[in-house]
Participant: 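There's a structure below that I have some questions on.
Computation of the quantities below employed the complete heavy-atom set of this structure, encompassing side-chain atoms and omitting hydrogens, waters and symmetry-equivalent molecules.
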Amino acid sequence: MSEVSIDWAENLPDLCALLVFSKLDAHSLCQVAKTCRTWNHLGCTDDAWKLLCGENVISAATAGLKDIYREWHTKFHTIRDYKVHHRRLKRLYNRLNAWLEAHAPAIAKSVNPGCSIADIERVETMTQEFTPDFRMWYMLLNGQKRTLAGATHGLLGGFKFYDYVVNFRLLPIDEISDLHSMINSSRSRVPEWVTKCVPVAQSFNAAAFWFMLKEDLTFPEYPDTTFKKGSIVVPSRNMRSCFPIAESITALLQHHVEQLELGFLEVDAKGEIQRFPTKGIPEAVTNHVRIRASPLFIPDQSVPGQTYTWSYRIFMDMAADAPHSAKSQLTTRTWLITDATGKTDNVHGPGVIGFFPKMFPGATFSYESCCPLTTPTGTMSGSFQMALESSGEERGL
């Protein structure tokens, strides 16, 4: 009987070979590609590298995966805890994307897909090297594009009081580069600390920015604190100093996603994320009228050591099943504002910002105002006087 020689490597069905290859680590995959021409071809396909890239690489690409993995390995494998960063950021991105798709589709559509390593390195030649988590994040999500005129669907949300209106979007890498160049060309007109930052978020109406530090910085207003490279800060009203809001871009987005998922921030009727918290805020119900108060610190309207501006939104509503005899109209308001030193101001006046809202079953009303303090913290309490429609009798809330 003659012996038959079968080259099982050459004869193994491609589908079976790819299934095996997809389970290998990068080193083993490169080794099997040396076995024969067929396996060399299969070992270079995107199907063979898809799982490895999905587990280890932040990229939206679906082609050329072997080259993408090689580039990532060359540039990032030496970063301490890289895999931990990678898994954390991918989970965070997926959570953010899922929430936006479900609750704010207009914002979801305005989010840019991740940019390439080359795009980031091009900008780094002008700005300075970014932190590892910033680079990884922007390869997942390259900021947010400008929407149609008049639309202010900021990924990071917004707020308003009086005529001050802001809504923040995460900037794309090209706009970061352009704005950084503008800042550098105006060095004589901007504070020195601003030139050591890059803008990462901007209000749609350009009224306010958030910056990321390019290096460790200290400020006279914070003598015992060093703000680390990668920290996210908001310039003070006079631009001479800043207020820190997060230790990194990841910490900023992690907190934002948690606030969205837990329902502390909501999307309004226009599809915009509101930064005034709507959950976990104080409330009181008197004579069937519910009052809720939502405070928000406004760093870009504050100056460290001088003034600290707090805005607040007041929500009023009356349950639909309330008796009609509870119908009433707001007549006056009273506020007691106390700073950290114990100094108290008493504010009393008619209506609220020029309005005298009526409350009836199913009615809702809200307004925004602000309260400047001379200390970082303080308290604010008060009451609204309402006149019953049926009798004209005034009752406090």
Side-chain angles (χ1 to χ4, degrees), residues 57-60 72 75-76 79-97 99-100 107 110-117 119-124 126-145 154-158 166-180 183 193-194 196-203 208-217 225-235 242-261 265 273 275 299-300:
V57 175
I58 295 178
S59 174
W72 266 81
K75 295 179 182 294
F76 292 102
I79 294 178
R80 185 173 175 230
D81 297 329
Y82 161 72
K83 288 190 176 181
V84 174
H85 279 300
H86 171 265
R87 287 192 294 266
R88 180 184 179 191
L89 291 183
K90 292 238 1 190
R91 285 196 300 267
L92 182 59
Y93 170 78
N94 290 336
R95 288 165 56 193
L96 175 61
N97 190 55
W99 191 92
L100 292 176
I107 298 177
S110 70
V111 171
N112 294 317
C115 59
S116 67
I117 299 174
D119 289 332
I120 292 177
E121 291 181 335
R122 173 177 51 80
V123 174
E124 286 179 327
M126 297 176 282
T127 62
Q128 196 168 319
E129 185 175 331
F130 297 126
T131 56
D133 70 321
F134 181 91
R135 299 177 99 207
M136 294 178 193
W137 182 257
Y138 265 73
M139 288 177 211
L140 277 172
L141 188 160
N142 182 22
Q144 188 181 5
K145 63 175 71 75
L155 172 64
L156 299 171
V166 293
N167 202 295
F168 292 96
R169 66 188 181 101
L170 198 64
L171 290 169
I173 199 72
D174 285 340
E175 288 190 45
I176 289 176
S177 175
D178 293 341
L179 287 168
H180 182 266
I183 291 171
W193 75 267
V194 176
K196 299 177 181 179
C197 306
V198 290
V200 292
Q202 178 188 20
S203 175
F209 288 89
W210 295 353
F211 289 95
M212 183 178 72
L213 303 189
K214 296 191 295 182
E215 58 186 77
D216 294 354
L217 290 180
T225 304
T226 298
F227 296 166
K228 298 296 183 181
K229 175 181 177 179
S231 297
I232 309 300
V233 301
V234 178
C242 65
F243 290 90
I245 58 173
E247 63 182 15
S248 66
I249 188 74
T250 299
L252 174 74
L253 294 168
Q254 176 80 33
H255 178 71
H256 188 56
V257 171
E258 289 173 353
Q259 294 286 94
L260 294 173
E261 291 178 333
L265 305 181
I273 297 172
R275 293 190 64 82
D300 50 41

Participant: Which pair of heavy atoms, one from V111 and one from L141, lies closest together, and at what distance?
Facilitator: CG1-CG, 3.4 Å
Participant: Look at the aromatic rings of Y138 and F134 and report parallel, tilted or perpendicular, splitting at 30° and 60°.
Facilitator: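 Judged by the thresholds at 30° and 60°, the geometry between Y138 and F134 is parallel.
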Participant: Is any side-chain heavy atom of L96 closer than 4.5 Å to one of L155?
Facilitator: yes
Participant: What's the shortest heavy-atom distance between V166 and A208, and which atoms?
Facilitator: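 Scanning both residues, the minimum pair turns out to be CG1-CB, 4.3 Å.
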Participant: Side-chain contact, heavy-atom cut-off 4.5 Å: K196 with K229?
Facilitator: no
Participant: Side chains of F209 and V194, heavy atoms from C-beta outward: is any pair under 4.5 Å?
Facilitator: no
Participant: If we ignore hydrogens and angles and just use 3.5 Å, is the side chain of D300 paired with the main-chain N or O of V234 as donor and acceptor?
Facilitator: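 Checked: no pair found.
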Participant: Measure the CD1-CG distance between I273 and N167 for me, rounded to the nearest 0.5 Å.
Facilitator: 8.0 Å
Participant: Quick check: do Q202 and L179 have side-chain heavy atoms less than 4.5 Å from each other?
Facilitator: yes
Participant: How about W193 and C242: do any of their side-chain heavy atoms sit closer than 4.5 Å?
Facilitator: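 When only atoms from C-beta onward are counted, C242 and W193 do touch, with a gap below 4.5 Å.
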Participant: Using a 4.5 Å cut-off on heavy atoms from C-beta on, say whether the side chain of K228 contacts that of L213.
Facilitator: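 L213 does not reach K228 side chain to side chain.
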Participant: Would you say that P199 contacts L171 through its side chain, given a criterion of any heavy-atom pair below 4.5 Å between the two side chains?
Facilitator: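 When only atoms from C-beta onward are counted, L171 and P199 do touch, with a gap below 4.5 Å.
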Participant: Between V233 and P244, which heavy-atom pair has the shortest distance, and what is it?
Facilitator: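 For V233 and P244, the tightest heavy-atom pair comes out as CG1-CA, 4.0 Å.
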Participant: How long is the span from the CD1 atom in I249 to the OG atom in S231, to the nearest 0.5 Å?
Facilitator: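 Reported to 0.5 Å precision, the distance equals 11.5 Å.
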Participant: For the residue pair D174 and R122, establish whether any side-chain heavy-atom pair is separated by less than 4.5 Å.
Facilitator: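 Contact flag for D174/R122 side chains = yes.
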Participant: With a cut-off of 6.0 Å (strictly less than), are more than 12 heavy atoms of other residues, nucleotides or ligands near CD of E215?
Facilitator: yes
Participant: Only one of V257, I107, L260, N94 clears side-chain contact (heavy atoms from CB on, under 4.5 Å) with W99; which?
Facilitator: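 Per the side-chain contact (heavy atoms from CB on, under 4.5 Å) rule, the option paired with W99 is L260, out of V257, I107, L260, N94.
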Participant: Can you name the closest pair of heavy atoms from P235 and F211 and give their distance?
Facilitator: CG-CE1, 3.3 Å
Participant: Which of these passes side-chain contact (heavy atoms from CB on, under 4.5 Å) with E175: Q144, R169, H180?
Facilitator: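 The residue from Q144, R169, H180 that satisfies side-chain contact (heavy atoms from CB on, under 4.5 Å) with E175 turns out to be R169.
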Participant: Closer than 3.5 angstrom, by distance alone: can the side chain of E129 be matched with the main-chain N or O of E124 as a donor-acceptor pair?
Facilitator: no
